[in-house]
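This report refers to the structure that appears directly beneath it.
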Protein chains: 2
Amino acid sequence: MGVEIKISLNGGLYLKEPQDSKLGRNIIMNSILLIDEFGFESFTFKKLAQKINSTEASIYRYFENKHMLLLFLVNWYWEWVSYLIKINTLNVSNPKFKLRIIIHSFVSAPKDNPGVNYVNESKLHDIVISEGAKAYHTKDVDSENSKGLFGSYKSLANNVSKVISEINPHFKYPFALATNLFEMSNNHIYFAKHLPKLTDISIVEDDFGEVENMLNFFVDKLLS
Amino acid sequence: MGVEIKISLNGGLYLKEPQDSKLGRNIIMNSILLIDEFGFESFTFKKLAQKINSTEASIYRYFENKHMLLLFLVNWYWEWVSYLIKINTLNVSNPKFKLRIIIHSFVSAPKDNPGVNYVNESKLHDIVISEGAKAYHTKDVDSENSKGLFGSYKSLANNVSKVISEINPHFKYPFALATNLFEMSNNHIYFAKHLPKLTDISIVEDDFGEVENMLNFFVDKLLS
DNA sequence: AATTAATGATAGTATTACTATCATTTTAAA
DNA sequence: TTTAAAATGATAGTAATACTATCATTAATT
């Protein structure tokens, strides 16, 4: 019943597609809860197995290791944001307006949006904020990148960079600005919560409006 | 012989001041080399002990664990950058000019600068770029922050934010811009090397000039 | 020369990150 | 409906990691 979204990801991220089985979806759902609860370092497949009444061995049949699982989640997240952006900008042609909607889509994505029942998008957002950078800060970046394991993020960045270039075709840094918007959003939400001296943003009751305003201000200034 | 710099850091970062003993300095020096070589995840105190012909137990007398060691290194790095900025801007009063020098100081810091013999500043810079974000993306941020373990970064951000506010007292995001300059610098150097589709920057022969140009461009636009 | 501090050597423990094997259950095909 | 195949569970085991503890030795200090 209702609309079902299935997000398709690079096959190199998993050993067996977790979205296609009950156990797989359970792994996704509860890994999000556990990583959010304990942090990525303290998260283990054993804990996850216990939580879902399964075994380590079974989880290893889906994911090579917890790093791959994190990569999977992060890619899932960016694909989902891409999807949100797509539907939110469907009939919008003005690029300036489009970029505003894009920013709103990824800053406030998890709040009030169509989701998938086995994914808590809000907690997944928190994970991307707190642990996302670890997904690509590895000794294996280059080999993982060549396998396309960062494809979702790259494709999103590419799309946003196109809108930026539409607004100002002479702007020299469309990709850097695009990625910087994502990184800044995540960073300053994190700073506001944990290292407030590093930002001017404050967050009250999960309202990321100030972040959105800041990004819009940056964009306006930079592309003028 | 020559000028000696000793960088003083929050005592909570270590169990025993490593800069004061031969073994301690050896730990610092070789941990930088090993983390750079293997990446933080694969770096262990055992490997380090072997490399310096010492023992795990001895290393544990200096640092609680490898996370603390990383925090120490990162703080050391930011203190060192602060020091560079201070001497490079000694007689500069124009804040716009000052900010340019600041940017140059941290982007190209490790290239041609007075250093400390037991620290390879260039490799330490690489570590900050590749692993730095892990220092504060932990479940223990809050408690570590309350102990002042991110003090060096915060104080640097504070100083830079002051210069930003001098340039434009009406600018609403001096702290966010300051930290964003650091994060952007590190991120885009990393992207240029490993995920070039995420940036417009390219780096040829360790010349970070393009990064510097980009940051200067951003600053000029945003503060105008 | 005596005392204290720093380091080394060695051993041991709990946890992690897996891999392997076989039994059982579920699903799909004939 | 039976049969085969695929998925999962149960159990065991291994190598490495992240420590802690104890005692011996060496170096520094008084």
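Proteins get letters first, then strands, A, B, ... in listed order; numbering begins at 1 in each. Reckoned from all heavy atoms, side chains included, excluding hydrogens, waters and symmetry mates.
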query = Between the two end axes of the helix from dA1(C)-dT30(D) to dA30(C)-dT1(D), each built from 5 base pairs, what angle do you get to the nearest 10°?
reply =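 Terminal axis comparison yields 20°.
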request  = Using the salt bridge (Lys or Arg N to Asp or Glu O under 4.0 Å) rule, take Lys6(A) and Asp20(A) through it: C-alpha gap first, then chi angles, then the decisive distance, then the call.
outcome  = CA-CA 10 Å; Lys6(A) 167 146 182 223; Asp20(A) 285 350; 3.1 Å; yes
query = Side chains of Leu23(B) and Ile52(B): closer than 4.5 Å at any heavy-atom pair?
reply =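 Touching, per the 4.5 Å side-chain cut-off.
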query = Taking the side chain as C-beta and beyond, is there a heavy-atom pair between Tyr173(A) and His188(B) under 4.5 Å?
reply = no
task = Go through the side-chain N and O atoms of Ser108(B) and Glu212(B) and say whether any donor and acceptor fall under 3.5 Å apart.
result =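 Note: Ser108(B) and Glu212(B) side chains meet the donor-acceptor criterion.
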request  = Taking atom types as modelled, find out whether Lys154(B) and Asn145(B) have a side-chain donor-acceptor pair closer than 3.5 angstrom.
outcome  =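 Side-chain D/A pair, Lys154(B) to Asn145(B): present.
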Rounded off to whole Å, could you give me the [atom1]-to-[atom2] distance for the [X] and [N] pair?
X: Glu64(A); N: dT16(C); atom1: CD; atom2: C1'; result: 17 Å
X: Tyr60(A); N: dC18(C); atom1: OH; atom2: P; result: 4 Å
X: Asn65(A); N: dA16(D); atom1: CG; atom2: P; result: 17 Å
X: Met68(B); N: dC19(D); atom1: CE; atom2: C1'; result: 15 Å
X: Leu48(B); N: dC19(D); atom1: CG; atom2: P; result: 14 Å
X: Leu15(B); N: dT20(D); atom1: CG; atom2: C1'; result: 13 Å
X: Asp20(A); N: dA6(D); atom1: CG; atom2: P; result: 16 Å
X: Glu56(A); N: dG13(D); atom1: CD; atom2: P; result: 15 Å

key: Residues in contact with DNA chain D, drawn from residues 25-46 of chain B - heavy-atom cutoff 4.0 Å   =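 Per residue number, the list reads Thr44(B).
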ask   = Does any pair with a residue in residues 26-47 of chain A pass ring-ring contact (aromatic ring centres under 6.0 Å, His included), and if so which ones, sequence neighbours excluded?
value = Phe45(A)-Tyr60(A)
What does the list of N/O pairs under 3.5 Å between the protein and nucleotides 6-9 of chain C look like, with a distance for each?
unit_1	atom_1	unit_2	atom_2	d
dT7(C)	OP1	Tyr62(B)	OH	3.1
dT7(C)	OP2	Lys16(B)	NZ	3.2
dT7(C)	OP2	Tyr62(B)	OH	2.6
dG8(C)	OP2	Ser54(B)	OG	2.4
dG8(C)	OP2	Ser58(B)	OG	3.2
dG8(C)	N7	Arg61(B)	NH1	3.2
dG8(C)	O6	Arg61(B)	NH2	2.8

inquiry  = In terms of relative ring orientation, are Phe182(B) and Phe106(B) parallel, tilted or perpendicular, with 30° and 60° separating the classes?
reply    = perpendicular
query = Taking the six-membered ring for Trp, are the ring centroids of Tyr190(B) and His137(A) within less than 6.0 Å of each other?
reply = yes
ask   = Sub-3.5 Å donor-acceptor pair from the side chain of Glu121(A) to the main-chain atoms of Val116(A), do we have one?
value =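 Side chain of Glu121(A) to backbone of Val116(A), a donor-acceptor pair under 3.5 Å: yes, one is there.
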Side-chain atoms of residues 71-79 of chain A: list all donor-acceptor pairs with protein atoms under 3.5 Å, sequence neighbours left out, distances to 0.1 Å.
unit_1	atom_1	unit_2	atom_2	d
Asn75(A)	OD1	Ser152(A)	N	3.4
Asn75(A)	OD1	Ser152(A)	OG	3.0
Asn75(A)	ND2	Leu71(A)	O	2.9
Asn75(A)	ND2	Leu149(A)	O	2.8
Trp76(A)	NE1	Gln19(A)	OE1	3.0
Tyr77(A)	OH	His125(A)	NE2	3.4
Glu79(A)	OE2	Ser152(A)	OG	2.8

key: Selection residues 41-52 of chain A - residue pairs positive for side-chain hydrogen bond (donor to acceptor under 3.5 Å, both in side chains), sequence neighbours left out   =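 Counting only pairs at least two positions apart or across chains, the side-chain hydrogen bond (donor to acceptor under 3.5 Å, both in side chains) contacts touching residues 41-52 of chain A are Glu41(A)-Lys134(A).
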